[in-house]
Amino acid sequence: MSSDWTPIALSRDVPDGVTRAVCLEGSELVIWRGAGEAHVWEDRCPHRGMRLSLGFVRDGALNCLYHGWQYGASSSCVRIPAHPDLTVPPTIKANAYPTCEAGGLIWVGKEGAGALPALPATTTPVLSLAVATDGIEAQGLMRDLDGGRLHVFWHRVRPGKVMLHGVIEGSADVSRVAALMRQIRTQYEEGVAA
Amino acid sequence: MPKLYDYVLSGSCYKVRLMTALLGVTYETQAIDFYPGREHKSPAMLALNPLGQLPVFEDYGLVLRDAQAILCHLANRHDPAGTWLPRDQRFGQVMMWLGFAGGELMAVSAARMVSMLGYPGDLEALRAKGRMAMRVIEDHLSDRQLAGGIWAVGDTPTIADIALFPYVMLSHDAGIGHEDYPAINLWQRQVRRLPGFVGMPGIPDYF
Amino acid sequence: MSLTTDQAALDQWYVLGAVSHFPFGTPVETGLLGEPVTVTRRDDGVTVIGAGRSLPVRTTYNHVWTSFGTPARDIFALPEATEPDRRWLYCGGVRVAASGLRLIENFLDLAHFPYVHTDILGSEEKPEVAKYEVEQRRDVDEIWATKCEFFQPKAAAASDGGQISQYMYRVVSPFNVMLYKTPPTAPNRWDVIALFVQPVDETHSIAHPFMLVIDPTSTDAEIIAFQQMIFLQDKIVLENQRPALLPLQPGRETPTRADLSSVLYRRWLKEKALTFGTEPRTDGVAAGA
Ligand code: FES
Ligand SMILES: [Fe+2]
């Protein structure tokens, strides 16, 4: 599977107007959604370094909590409240990463990333689940279910911790699959390969 | 008029401030110098609450301690519709989460006192307990969300949500971020959208 | 962690807490500049032990001050401390996981009032920061910001309504700062609100707010609660700034005209070649250059 793209959240968990803080290999990212579109940026405001995940989405733009600087979908700063009449220079920009959504997941890409891996066309989201382990190898680890299949994607938070993202292909009882994912969590945390 | 003996940084006092705000109950407050003054251990305060803890709430001639008990009292006396403390089969579940909020989740409060105010205590052990409690809440809320719900119990907010909310939100003061908890992230936004909602230091007004 | 070798940081006076908050006879362990220190209060005075020796102690303004080095000047003068009608309030130390320099910079900042202290020290309808003046007073080696004005819905514990508050800021050493602000009850005088920062290590600090105010009506508990509320609103910001260390390298952050006092503060730190609590530079420029 291409390693240019990493799944970092379920699309369902970042609805419109919401920010979500994610840690990927020790780097802090913010996911936010405005006007339907998901964005993944460095979780750091260019002004005085505040984490943008503590900010708020308004009018399809992300606003920093510290001094209210507003960043549009293009990641350029469009408003500095302390200077209401200022036309903000276009050089003031948050650090945005390549982002896409597929298979019910939000993916962050390397600069110049190639095509996304092949994914099931329609999926039902189950859970994102933090697990204290290093031991997961295959992206998309699958389990056959009654009437469907569980795909488990993941990203590494930092050494010793991953976040699993489960989606179902086909139909299955999501609450039972959620329980299955928590069993997988227990197996990993107790050092037993699933 | 009801009276709250209050400390601005206390998550437990905040439970009472939030519930009264949501119910539209007006009350007076008396600021207690909990830190650094330890006024909650003064003879006058010990006379009101021999446990030497805040909050203390006076209403209808009663002197009540324990944030969870005060939430029950507020729902009982100030919510005629009975939606915040339902008496049907949800009652037991609400009580279960109240017990958890005043029990396991208080590890977050203890860790916060150590890391923020320098109280004595084993910070790493308290944090580990706090993370366990946060995981229990995350697992429960993610099940609720998979079932099409959002609140801790049933289809409407209850005092269970109000009892859980403060220390879930203040966990950052104990060094526990919310990166691991996507379901908590969605739930807390709904709590903050409730009509009459008020925040506290550490729980920003914008979100 | 061990004691810093940063001479500019060593040669300063630091507050370890209000004298009255130390119990008689029981040694209290705390930390300063990466090194454990022990404070003991006795009937005949206060002793501070650190790095295996007795450190110099002052109890100026009823706080315990110490230093590992040789400060170039004595503790700053505070004429308001002699005024008999002022109330002295010690708000208690609060631990913050951030560089102490970030705390000072936040204290100097007007532009965050509408968003961090919403409907108290600022409101979103009036976020503009009017031009103010900054200067480095070389005779006393202090940074001053004057003619600062901001609309405040509830400027202090004793406020009934909104007011345009006048502010002056005074940075007396890299980790100690104060502001002068018009009190609601005495518009022709200045309240003094100081923030003494104890840098425990490079990314952990203890903030000791201290107030010398004119307020004949509020209780001590009310004034302390107001100050703690304000400071704890800042804490969530301070602990979420990245990096935790203060960047001095040009281009790492983006100041505007509203940040003039922060720009001058950073320049002053560079001039002093202070590096404790600052982000290591990658542009090959040594501290102080
Ligand atoms: S740090 Fe984001 S607006 Fe100032
Ligand atoms: Fe502030």
Side-chain angles (χ1 to χ4, degrees), chain A residues 19-32 40-59 61-72 75-97 158, chain C residues 97-99 101-106 108-118 121-132 148-151 233-249 251-263 265-266 278-279:
Chain A
T19 63
R20 167 135 183 81
V22 166
C23 195
L24 172 63
E25 303 286 2
S27 304
E28 291 169 328
L29 310 179
V30 55
I31 314 173
W32 68 280
V40 182
W41 296 354
E42 183 185 0
D43 197 4
R44 181 175 170 273
C45 176
H47 176 218
R48 283 291 181 246
M50 179 69 190
R51 288 177 74 188
L52 289 166
S53 54
L54 278 89
F56 53 101
V57 181
R58 201 187 270 172
D59 306 327
L62 180 59
N63 302 263
C64 178
L65 179 68
Y66 197 175
H67 309 95
W69 288 22
Q70 186 176 65
Y71 298 89
S75 84
S76 289
C77 180
V78 292
R79 193 172 99 91
I80 295 179
H83 308 297
D85 303 325
L86 182 77
T87 308
V88 183
T91 47
I92 303 182
K93 261 173 114 58
N95 188 11
Y97 302 118
R158 68 179 89 86
Chain C
S99 162
L101 305 170
R102 289 268 196 205
L103 272 66
I104 300 295
E105 202 173 75
N106 164 268
L108 297 173
D109 185 289
L110 292 157
H112 74 293
F113 288 168
Y115 297 94
V116 179
H117 309 297
T118 312
L121 300 185
S123 87
E124 214 193 332
E125 284 67 54
K126 296 185 179 176
E128 182 163 11
V129 175
K131 211 164 171 295
Y132 57 90
C148 310
E149 275 191 11
F150 212 80
F151 172 79
Q233 290 177 334
D234 287 314
K235 178 175 179 281
I236 186 169
V237 167
L238 291 164
E239 294 185 333
N240 285 288
Q241 279 179 280
R242 298 294 182 264
L245 296 165
L246 188 78
L248 293 183
Q249 186 167 317
R252 279 288 277 151
E253 293 187 345
T254 316
T256 71
R257 199 187 65 221
D259 302 312
L260 269 184
S261 47
S262 133
V263 170
Y265 174 62
R266 291 186 186 196
T278 70
E279 185 188 38

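By convention in this document, chain letters (A, B, ...) are assigned in the order of the sequence lines, proteins followed by strands, and residues within each chain are numbered from 1.
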No-hydrogen, no-angle side-chain donor-acceptor test under 3.5 Å, C:Asn106 and A:Tyr66: yes

Aromatic plane relationship, A:His67 with C:His112 - under 30° parallel, 30 to 60° tilted, over 60° perpendicular: perpendicular

Separation of C:Asn240 CG from A:Leu54 CG (nearest 0.5 Å): 4.5 Å

Note: A:Glu42-C:Arg242 ion pair, threshold 4.0 Å (strictly below): no

Interatomic distance, A:Leu65 atom CG to C:Ile236 atom CD1 [nearest 0.5 angstrom]: 7.0 Å

Interface residue of largest heavy-atom contact number with chain C, from A:Arg51, A:Arg48, A:Glu28, A:Arg44, under 4.5 Å: A:Arg48

Flag if over 12 foreign heavy atoms under 6.0 Å of NZ, A:Lys93: yes

Minimum heavy-atom distance C:Pro127-A:Pro81, with the two atoms named: CG-O, 3.5 Å

Student check: side-chain heavy atoms of C:Arg257 and A:Leu86 closer than 4.5 Å: no

Nearest-0.5 Å distance, NE2 of residue A:His83 to CD of residue C:Glu128: 8.5 Å

